Number of protein chains: 2
Amino acid sequence: MYFCFMKYSLSEENYLKAIYHLEKIAATGVATNAIAEQMETKPSSVTDMVKKLSEKDLVNYIKYQGVTLTEKGRKTALTIIRKHRLWEVFLVDKLNFHWDQVHEIAEQLEHIHSEELISRLDKFLGEPDFDPHGDPIPDKHGNIKRTEKKLLSDLDKNQGGVCVGVKESSAEFLQYLDKKKITIGTKIKVLGKEFFDGSMVILVGKDQSFISKKTAENLYVQTN
Amino acid sequence: MYFCFMKYSLSEENYLKAIYHLEKIAATGVATNAIAEQMETKPSSVTDMVKKLSEKDLVNYIKYQGVTLTEKGRKTALTIIRKHRLWEVFLVDKLNFHWDQVHEIAEQLEHIHSEELISRLDKFLGEPDFDPHGDPIPDKHGNIKRTEKKLLSDLDKNQGGVCVGVKESSAEFLQYLDKKKITIGTKIKVLGKEFFDGSMVILVGKDQSFISKKTAENLYVQTN
DNA sequence: ATTAAATTTTAGATAAGACTAAAATATTGT
DNA sequence: ACAATATTTTAGTCTTATCTAAAATTTAAT
Ligand SMILES: [Mn+2]
Ligand SMILES: [Mn+2]
Ligand SMILES: [Mn+2]
Ligand SMILES: [Mn+2]
């Protein structure tokens with residue numbers, strides 16, 4: 001297989017990315033319906049594309065059994081994710097965009113084809129390890145620096161940590177976190193946890209705050 | 001017509017840009033063949049696209065009589081050119097690309113859709129008036145700052161000026177200019193002009209240099 | 001073990017953008 | 001003026017990426 005600087009279409013790249021993200025959740029092969037939902041398209045369209053990706057040796061596909069990425073497919077997906085996240089850092093760090101504004105633009109920028117561009121952008125940004133949402137940026141070989149992190153919802157009373165990422169990164173959720181004064185790097189401590197509904201009273205900096213279970217399940221923290 | 005933030009396809013945008021550039025040369029309507037050559041496509045494909053652009057009120061088209069841009073088409077072309085040139089400035093000024101490396105990448109970046117992105121990029125770059133090749137950058141309304149400039153080939157003996165742009169901006173020509181130590185801002189003086197073939201002996205900084213007519217016809221200077 | 005329901009695939013259609021070959025129109029040369 | 005040439009358009013085909021409707025297969029329920 002060696003090194004292949006093949007260029008793929010916008011659509012192919014988006015499918016690979018979707019499958020990559022779904023593969024992390026699904027234990028078995030990724031289901032056609034799951035891909036269709038993620039891509040906001042129809043299952044029949046997915047089947048067509050999956051066949052094509054299979055032809056190009058980017059996915060393993062057996063009828064009715066879902067798909068998995070091949071090594072080549074995974075590498076390709078990771079370079080797109082790398083580009084996405086680097087561009088997000090650019091938008092936030094250099095152009096002063098807010099973290100809830102960058103995803104849509106990065107969705108476009110991630111498809112720009114130029115190794116040299118990404119290599120220089122990476123240097124320009126100081127070779128960052130994480131994007132504005134706390135997600136790790138794969139290096140040029142597709143290696144991801146894994147870090148210890150837990151969902152805030154898994155902490156017990158009196159445990160504390162630093163917010164290092166969000167699971168959901170919709171604009172709505174990010175804007176809600178702003179209102180709560182929570183962002184990457186914010187110190188959080190669990191003051192109380194309600195048995196009934198999983199809601200929490202937490203210490204954010206010096207102030208108390210009340211958050212729902214749903215919120216706690218979408219915040220990653222690094223415990224100390 | 002008012003303000004229309006309609007998004008056009010990659011192909012439509014490229015056609016508009018091509019027609020814009022050809023319109024500056026052609027006195028009459030832009031010929032189908034000319035567009036085909038510029039776009040590296042077939043005349044029949046051009047006819048198809050031109051009909052579509054005409055439907056969308058981006059060009060005026062009468063069978064067999066070539067096309068001209070409408071006001072809407074011209075504005076749209078200018079926003080794409082604005083994006084192209086701003087990205088070129090970014091690539092050279094911020095990522096330290098060389099001026100002969102940026103065009104291809106800018107051809108991709110110019111199609112990213114986001115007003116906010118371009119507005120912020122413009123500010124980040126210091127609202128530049130010219131791109132790395134000396135071409136003017138239209139403002140957000142499509143206004144271009146016109147400057148006095150002549151082709152070096154039109155200067156007479158003993159006239160001098162500052163290089164402010166290139167007509168051709170192929171990588172080959174730009175690399176040749178590097179070898180000749182000529183770039184934007186370089187002071188040039190005509191020491192001699194050969195009647196026979198239009199070649200020139202010029203002063204570049206403190207050194208003499210010999211250039212062909214073809215080279216002189218592709219260099220813009222501002223006389224002092 | 002059958003039947004019902006959900007999932008997935010196939011078959012056939014559509015739209016965008018490109019192509020080739022042939023027809024229509026315009027331009028040139030004598 | 002009229003034939004020869006060049007340009008442009010039309011007609012029909014192809015590819016990519018979608019879609020709908022129907023068939024095939026798997027999974028879940030009785
Ligand atoms: Mn994102
Ligand atoms: Mn992100
Ligand atoms: Mn350029
Ligand atoms: Mn330029």
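Since the model is a prediction, treat every value here as computed from it, not as a measurement.
Between B:Tyr64 atom OH and C:dA23 atom C1' there is a gap of 8 Å when expressed in whole angstrom units. Between A:Asp48 atom CG and C:dT10 atom P there is a gap of 9 Å when expressed in whole angstrom units. Nucleotide C:dT7 holds its C1' atom 14 Å from the NZ atom of A:Lys63, rounded to whole Å. Rounded to whole Å, the distance from CE on A:Met49 to P on D:dT16 is 10 Å. One interatomic measurement links the two molecules: CD1 of A:Ile35 to P of C:dT9, which rounds to 9 Å at whole-angstrom precision. Protein atom CD of B:Glu12 is 13 Å distant from nucleotide atom C1' of C:dA15, rounded to whole Å. Per the geometry, CG belonging to A:Leu10 stands 14 Å off C1' belonging to D:dT18, to the nearest Å. Nucleotide D:dT16 holds its C1' atom 15 Å from the CG atom of A:Asn14, rounded to whole Å.
At D:dT8, none of the side-chain N or O atoms of B:Tyr61 fall inside 4.0 Å of OP1 or OP2 (strictly under the cut-off).
Ion pairing of A:Lys214 with A:Glu217 is absent here, as no side-chain N (NZ or NE/NH1/NH2) approaches a carboxylate O to less than 4.0 Å. Salt bridge status for B:Glu23 with B:Arg74: absent, with no side-chain N to carboxylate O gap under 4.0 Å. Between B:Glu13 and B:Lys17, none of the side-chain N atoms (NZ, or NE/NH1/NH2) sits under 4.0 Å from a carboxylate O, so this pair counts as no salt bridge.
Donor-acceptor pairing under 3.5 Å, judged by distance alone, is absent between the side chain of A:Ser11 and the base of D:dT18.
Checking side-chain atoms of B:His133 against main-chain N and O of B:Trp99 turns up a donor-acceptor pair under 3.5 Å.
Proximity note for A:Ser44 (side chain, C-beta onward) versus C:dA18, C:dT8, C:dA11: the nearest is C:dA11. Closest approach to the A:Asn33 side chain among C:dA24, C:dT7, C:dA18 is made by C:dT7 (side chain taken as heavy atoms from C-beta onward). Proximity note for A:Ser45 (side chain, C-beta onward) versus D:dT10, C:dT9, D:dT18: the nearest is D:dT18. For A:Lys42, the listed nucleotide lying nearest its side chain is D:dT20; candidates were D:dT20, C:dC19, C:dT9.
Residue A:Thr32 is classed as a sugar-phosphate contact, given heavy-atom separations below 4.0 Å to backbone atoms only.
Ring geometry for B:Trp87 against A:Trp87 counts as perpendicular: the plane angle is over 60°, on a 0 to 90° scale with 30° as the lower cut.
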